[in-house]
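As a basis for the values below, the full set of heavy atoms in this structure was taken, side chains included, without hydrogen atoms, waters or symmetry mates.
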Amino acid sequence: MQRGVIFSGGGRPMRDRTFAPSRIFIYLIVSLIAAAWLAPLAVVVLNSLRSNEEIAQASMIGWPQQWAWSNYAAAWSGFCVAETCAGIRPYMLNSALVTIPATIFSTMLGAIAGYAVSLWRFRGDNWIYGIVTLGLFLPQQMRLLPWTIVLRDIGLINTLAGLVLIHTIQGLSFTTLFCRNYYVAIPHELIRAARIDGAGFFRIFWRIILPLSPPILIVTVIWQFTHIWNEFLYGVTFTSGQQQPVTAALIALSAAVADIPQHGVQSAAVIIAALPTLLIYLLGGRYFVRGLTAGAVK
């Protein structure tokens, strides 16, 4: 019998409700770590519901005396960012127009590339796989100059399409790595049987590989969406003005209120900007770990 587990009369395991001192200590440590991680978020949420006068008279940490829901309305569509008084709404749209297509393109291309180097073996496939995944280990700062030259030559400087191209190519390293590690667990006999039946590269991918891929595709979609939405360096380097994503707009909002800080509006803008990634994790978070470990048990 496993420690901490008892069995009912029907043979079904039941959890032991007793608390050992070691378990209490573990719960205490985990609770302290969770509190440390959640404390900054709690401060931002509370400040987003406090008026600027209240924050100025008291401190940055405190419970709202009056709920200032107007901060969210001002942050969404009323505050001035980069001389445009439309709030962060247009920049949220910019981030969506960059994140959604870049996530889809990088995920599908990574799935095809991972399938090619894992199940459709060819001469030099390991070298190609190594070169592609090398991008995971290169600092982003090293890529700025090459991307500047590329975007200048193809005329995509200061465009959303340029950011889509950057994040699609940058994401290929991650999506190829994860898809390849997932696909190597698929029996090669299945691919050989399909090839004997006359199926080609893309037919095998669409009819056999893709239906088996939802667990790892969920992982790559969540990862890519979160990374692209929160990315700041490329957005602030290659775009300006009305073409910037929301992360760059938040910095512009901070600069715009440098003389008269509007901490409530700034905090509300941060919460609004973080909502899409938070919703992605709430809706698909339980599938994330399941997808990461799916290939390990096959």
Side-chain angles (χ1 to χ4, degrees), residues 1-50 55 58-65 67 103 107 110 114 118 133 136-137 139-140 171 173-187 212-232 247 263 267-268 270-298:
M1 181 182 298
Q2 295 181 356
R3 185 178 181 180
V5 177
I6 59 177
F7 290 86
S8 62
R12 298 180 60 184
M14 298 177 59
R15 291 191 177 276
D16 189 357
R17 298 297 182 179
T18 60
F19 287 90
S22 59
R23 181 175 298 181
I24 296 176
F25 177 75
I26 292 174
Y27 287 161
L28 178 61
I29 295 299
V30 172
S31 299
L32 291 175
I33 295 175
W37 276 99
L38 293 176
L41 175 62
V43 171
V44 174
V45 172
L46 291 177
N47 283 337
S48 70
L49 297 172
R50 301 170 69 194
I55 296 175
S59 67
M60 292 290 295
I61 301 177
W63 191 263
Q65 300 299 320
W67 301 97
T103 299
T107 297
S118 61
T133 55
L136 291 172
F137 307 101
Q140 290 187 343
S173 298
F174 168 79
T175 56
T176 300
L177 172 66
F178 270 66
C179 289
R180 182 263 180 189
N181 291 342
Y182 180 83
Y183 290 151
V184 292
I186 297 177
L212 299 175
S213 302
I216 197 61
L217 294 184
I218 291 174
V219 171
T220 57
V221 165
I222 293 176
W223 183 279
Q224 282 296 96
F225 186 95
T226 304
H227 171 74
I228 297 172
W229 185 276
N230 293 331
E231 200 280 327
F232 169 76
T247 49
H263 298 298
S267 299
V270 170
I271 296 299
I272 294 173
L275 282 179
T277 54
L278 179 62
L279 291 176
I280 287 292
Y281 270 108
L282 289 178
L283 295 176
R286 62 177 178 174
Y287 302 105
F288 188 77
V289 176
R290 188 183 305 175
L292 285 175
T293 58
V297 296
K298 288 187 177 181

> State the NE2-OG1 distance between H227 and T103, to the nearest 0.5 angstrom.
10.0 Å

> State, with a plain yes or no, whether a side-chain heavy atom of L41 is found less than 4.5 Å away from one of I271.
yes

> To the nearest 0.5 angstrom, please state how far the CG atom of N230 sits from the OG1 atom of T277.
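Nearest 0.5 Å value for the CG-OG1 distance: 5.0 Å.
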
> I'd like to know whether L28 forms a side-chain contact (heavy atoms from CB on, under 4.5 Å) with I24, so could you lay out the CA-CA distance, the side-chain angles of the two residues, the decisive distance to 0.1 Å, and finally the verdict.
CA-CA 6 Å; L28 178 61; I24 296 176; 5.5 Å; no

> Do T247 side-chain atoms and E231 backbone N/O form a donor-acceptor pair below 3.5 Å?
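Answer holds: yes.
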
> Holding to side-chain hydrogen bond (donor to acceptor under 3.5 Å, both in side chains), I want the full list of residues that pass it with T176, two or more places apart in sequence or in another chain.
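Here no residue qualifies.
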
> Hey, could you give me the OG/CH2 distance between S48 and W67, rounded to the nearest 0.5 Å?
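The OG atom of S48 sits 9.0 Å away from the CH2 atom of W67.
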
> If we only count heavy atoms from C-beta on, is the V45 to S267 side-chain gap below 4.5 Å?
no

> I'd like to know whether CH2 of W37 has more than 12 heavy-atom contacts from other residues, nucleotides or ligands below 6.0 angstrom.
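Result for CH2/W37: open.
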
> Pick out which of W229, W223, F225 makes a side-chain contact (heavy atoms from CB on, under 4.5 Å) with I280.
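Single side-chain contact (heavy atoms from CB on, under 4.5 Å) partner of I280 among W229, W223, F225: F225.
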
> Distance from L279 atom CG to L275 atom CG, nearest 0.5 Å?
6.0 Å

> Looking only at non-hydrogen atoms, find the nearest pair between C179 and G110 and report the distance.
CB-O, 3.8 Å

> Of T107, T175, I222, which is the lone residue that meets side-chain contact (heavy atoms from CB on, under 4.5 Å) with L217?
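Exactly one option meets the side-chain contact (heavy atoms from CB on, under 4.5 Å) with L217, and it is T107.
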
> Tell me which pairs pass salt bridge (Lys or Arg N to Asp or Glu O under 4.0 Å) where either residue lies in residues 29-50, with sequence neighbours left out.
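Pairs touching residues 29-50 that pass the test: R50-E54.
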
> For side chain to side chain donor-acceptor pair (under 3.5 Å), just list the numbers for Y183 and S213, CA-CA rounded to whole Å, side-chain angles, deciding distance to a tenth of an Å, and then say yes or no.
CA-CA 8 Å; Y183 290 151; S213 302; 2.8 Å; yes

> Around atom CD1 of I61, are there more than 12 heavy atoms of other residues, nucleotides or ligands at under 6.0 Å?
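For I61, atom CD1 is not crowded (no more than 12 foreign heavy atoms under 6.0 Å).
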
